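The structure appears below as structure tokens.
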Amino acid sequence: MAGNTHKFQAPKGTRDFYPPAMAVRRYIESVWREVSINHGFEEIDGPTFEHLELYTAKSGPGIVSELFSFRREGGDADYALRPEFTPTLARMYASAAQTLPKPVKWFCIPNFFRAERPQRGRLREFFQWNADIIGDDSPSADAEVIAVTVGVLEKFGFTPDQVKVKISHRDVVRDLLMHLGIKEQDLQTTFELIDRRDKIPDHEFEASLGQLGLSIDRIYDIKRLSGAPFEIGEEYQIAEYFEGVPKSGIESLERLGSELRDRGLRPWCHYNFSIVRGLAYYTGTVFEVIAEGERSVAGGGRYDKLVELVGGPLTPAVGIAMGDVVLRLILEDRGLLGETEEYLPRPDVFVISALDDDGGQMRKLVADLRRSGLHARHSYRATKNVGKLLGEAGKVRARFAVILGKELEDGAVALKDLESGDQREVKVELLVQTLKDALGK
RNA sequence: GCGGCUGUAGCUCAGCUGGUUAGAGCACCUGGUUGUGGUCCAGGGGGUCGAGGGUUCGAGUCCCUUCAGCCGCCCCA
């Protein structure tokens, strides 16, 4: 055993999940799943790898260097481990579009792979919750996706002062920028500039805008636009501030704002036009979940062209994705994760034999308990020391202990409540029912 | 792809300017003998000091390479 321990290491950027870590992972997944289902989403999944072209079709050839791609020995098809779910989702929807109701609300919790250098909040394999509504182009669908996201955040125990949903809208930003004098061919550059606003010095930001031919006043307007957030429900302020801007974008924001207010989401949300994520394919509303000092926890938006891009009918869609890596960091930082052991399943009953030879009774009893649906364990240690065995029962956080001893001659066992310490004798044939009653099962 | 820091038992670390068979706490296992718990006592297993090479009489301790981790840059679907 010694010596070969270091022969193989887990690949860079991957994680091993030992029981406590796995229990935490299941907890996170259970929150995602439960809230998704409560909001009317149905769970799906797709293949772990797809044809490489599915990803290059959406993101361009540059994406390949970020993918784990491969070709079979002797084969001629290129594949890639999935780096995200949306292409698979679009493909799945496109190939079944005729038979699917509108809209469909789907969620999934797959693992993804990206060939990037690991750093804080980023690994090469991670888990990510996705929730999408396909076939509904109304602001209501956008709001519903934001609602399920906030539902997840609340379920994890976050409060609106800890995490925020930043909302933007491509059309609004485009209209505002063009209204402020940005030429259409400079839009992309300006988007990227706004996206990098926090990373570059103020004078550099201003200088770059100046190079696009903007006056000092207009540069100030754009700084205002990409700076402080706007409240939900105060869209008129935006319209007033940028007087003369086309109405259509603002109106769609107003409808979204109204939908968010109806759902009681206002404390969690605000407009922030510095969010410019996913320019490549987002078409309307875009949003990000942000916690102070961390990279974004979740992001999403409307992508009305994607299903068509993979060969389906023109179909509106909106979705969100939340990865587990940044989420864990924030949960830990906010003290919302307990000790990992607390997430391990607690045994209902721990069976102890104090007899030198119980004639197989302990094994039979454990088997009966398990057959009746209870989580039953016993020790693998040789000792008959009841104290030590009870210690083990306590360590695995069992709720009850059953002790086989001399009372077995009368067909009874000792049943001890490990939390209260109360103990009583119970006839063996009544044990299962007694335990079930006590456990409320 | 680029840069900085780090790498000693399962975990957290100690090991002074290179010098006898590499340590502690926690965890784990066994026992404290004939039935009551996370305490206590005693004992035990486990490390070729990330790996490879070099300098040296001698390296965990110095140098090079490599792998991995952390933190940034690029990128971020």
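All values reported here derive from a predicted model rather than from experimental measurement. Just so we're on the same page: letters track the sequence lines, and every chain starts at 1. Quick note: numbers below take in every heavy atom, side chains included, and nothing from hydrogens, waters or symmetry partners.
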Mind calculating the distance between [atom1] ([X]) and [atom2] ([N]) to the nearest angstrom?
X: A/Asn385; N: B/C41; atom1: CG; atom2: P; value: 17 Å
X: A/Glu66; N: B/A77; atom1: CD; atom2: C1'; value: 10 Å
X: A/Glu125; N: B/C76; atom1: CD; atom2: P; value: 22 Å
X: A/Glu392; N: B/G38; atom1: CD; atom2: C1'; value: 12 Å
X: A/Leu390; N: B/G37; atom1: CG; atom2: P; value: 7 Å
X: A/Arg295; N: B/C75; atom1: CZ; atom2: P; value: 13 Å
X: A/Lys12; N: B/C70; atom1: NZ; atom2: P; value: 10 Å
X: A/Leu344; N: B/G38; atom1: CG; atom2: C1'; value: 16 Å

Distance between [atom1] atoms of [N] and [M] (Å, rounded):
N: B/G58; M: B/C13; atom1: P; result: 33 Å
N: B/G1; M: B/C76; atom1: C1'; result: 15 Å
N: B/U20; M: B/U30; atom1: P; result: 36 Å
N: B/U56; M: B/A24; atom1: P; result: 35 Å
N: B/U17; M: B/C64; atom1: C1'; result: 23 Å
N: B/U6; M: B/G10; atom1: P; result: 23 Å
N: B/A9; M: B/G23; atom1: P; result: 14 Å
N: B/C63; M: B/G44; atom1: P; result: 38 Å

Please set out all donor-acceptor pairs under 3.5 angstrom arising from side-chain atoms of residues 80-91 of chain A, sequence neighbours excluded.
from, atom 1, to, atom 2, distance (Å)
A/Arg82, NE, A/Asn111, O, 2.9
A/Arg82, NH1, A/Asp45, OD1, 3.0
A/Arg82, NH1, A/Gly46, O, 3.2
A/Arg82, NH1, A/Pro47, O, 3.1
A/Arg82, NH2, A/Asn111, OD1, 3.1
A/Glu84, OE1, A/Lys58, NZ, 2.8
A/Glu84, OE2, A/Lys58, NZ, 2.5
A/Thr88, OG1, A/Glu50, OE2, 2.7
A/Arg91, NE, A/Glu50, OE1, 3.0
A/Arg91, NE, A/Glu50, OE2, 3.2
A/Arg91, NH2, A/Glu50, OE2, 2.8

Pairing nucleotide - [N], Watson-Crick or G-U, each distance under 3.5 Å:
N: B/U34; answer: none
N: B/G19; answer: B/C57
N: B/C75; answer: none
N: B/A24; answer: B/U12
N: B/C70; answer: B/G4

Minimum-distance nucleotide (side-chain atoms of [X] versus [options]):
X: A/Lys199; options: B/C74, B/C70, B/G35; answer: B/C74
X: A/Asp356; options: B/U34, B/G72, B/U36; answer: B/U34
X: A/Arg120; options: B/U36, B/A77, B/C71; answer: B/C71
X: A/Pro83; options: B/A77, B/G35, B/C70; answer: B/A77
X: A/Gln119; options: B/U36, B/C75, B/C74; answer: B/C74
X: A/Tyr282; options: B/A77, B/G38, B/U36; answer: B/A77

Please list, by residue number, the residues of residues 412-428 of chain A whose heavy atoms come closer than 4.0 Å to an atom of RNA chain B; answer none if no residue qualifies.
->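 Under 4.0 Å from RNA chain B: A/Ala414, A/Lys416, A/Asp417, A/Leu418, A/Gly421, A/Gln423.
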When you measure from every atom of RNA chain B, which of residues 310-342 of chain A have a heavy atom less than 4.0 Å away?
->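 The stretch gives none, as no residue of it lies under 4.0 Å from the strand.
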Give me each pair satisfying ring-ring contact (aromatic ring centres under 6.0 Å, His included) with a member in [range], each pair once, sequence neighbours excluded.
range: residues 313-343 of chain A; result: A/Tyr27-A/Tyr343
range: residues 348-377 of chain A; result: none
range: residues 379-422 of chain A; result: A/His378-A/Tyr380

Starting at the 5' end of RNA chain B and moving along, which residue's nearest nucleotide shows up first, A/Leu408 or A/Pro118?
->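 On the 5' side of the pair lies A/Leu408.
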Taking any heavy-atom pair under 4.0 Å as a contact, classify [X]: base, sugar-phosphate, or nothing.
X: A/Gly13; result: sugar-phosphate
X: A/Arg196; result: sugar-phosphate
X: A/Gly394; result: base
X: A/Ile63; result: base
X: A/Lys384; result: nothing

Please test A/Thr383 against A/Asn385 for side-chain hydrogen bond (donor to acceptor under 3.5 Å, both in side chains), starting from the C-alpha separation and ending with a verdict.
-> CA-CA 5 Å; A/Thr383 183; A/Asn385 184 323; 4.9 Å; no
Nucleotide N/O of nucleotides 1-5 of chain B paired with protein N/O under 3.5 Å:
from, atom 1, to, atom 2, distance (Å)
B/C2, N4, A/Arg117, NE, 3.4
B/C2, N4, A/Arg117, NH1, 2.9

Compile the donor-acceptor pairs under 3.5 Å between side chains in residues 13-23 of chain A and protein atoms, sequence neighbours left out, one pair per line.
from, atom 1, to, atom 2, distance (Å)
A/Thr14, OG1, A/Pro11, O, 2.6
A/Arg15, NH1, A/Asp324, OD2, 2.8
A/Arg15, NH2, A/Asp324, OD1, 3.3
A/Arg15, NH2, A/Asp324, OD2, 3.0

With sequence neighbours excluded, residues passing salt bridge (Lys or Arg N to Asp or Glu O under 4.0 Å) with A/Lys105 =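 By the salt bridge (Lys or Arg N to Asp or Glu O under 4.0 Å) rule, A/Lys105 matches A/Glu144.
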Those residues that, when tested against A/Arg424, pass salt bridge (Lys or Arg N to Asp or Glu O under 4.0 Å) (two or more places apart) =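 For A/Arg424 there are no salt bridge (Lys or Arg N to Asp or Glu O under 4.0 Å) partners, ignoring immediate neighbours.
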Considering only nitrogen or oxygen atoms on both sides, find all protein atoms under 3.5 Å from nucleotides 26-30 of chain B and state each distance.
from, atom 1, to, atom 2, distance (Å)
B/C28, OP1, A/Lys395, NZ, 3.2
B/U30, OP2, A/Arg381, NH1, 3.3

Parallel, tilted or perpendicular: which fits the ring planes of A/Phe273 and A/Phe230, with parallel below 30° and perpendicular above 60°?
->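 Taking A/Phe230 first and then A/Phe273, their aromatic rings sit tilted (interplane angle of 30° to 60°).
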How long is the gap from CD1 on A/Ile28 to CG on A/Leu337, to the nearest 0.5 Å?
->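 Taking CD1 in A/Ile28 and CG in A/Leu337, the distance rounds to 6.0 Å.
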Can you name the residues that form a side chain to side chain donor-acceptor pair (under 3.5 Å) with A/Glu407, not counting sequence neighbours?
->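 Scan of A/Glu407 (side chain to side chain donor-acceptor pair (under 3.5 Å), adjacent residues dropped) gives none.
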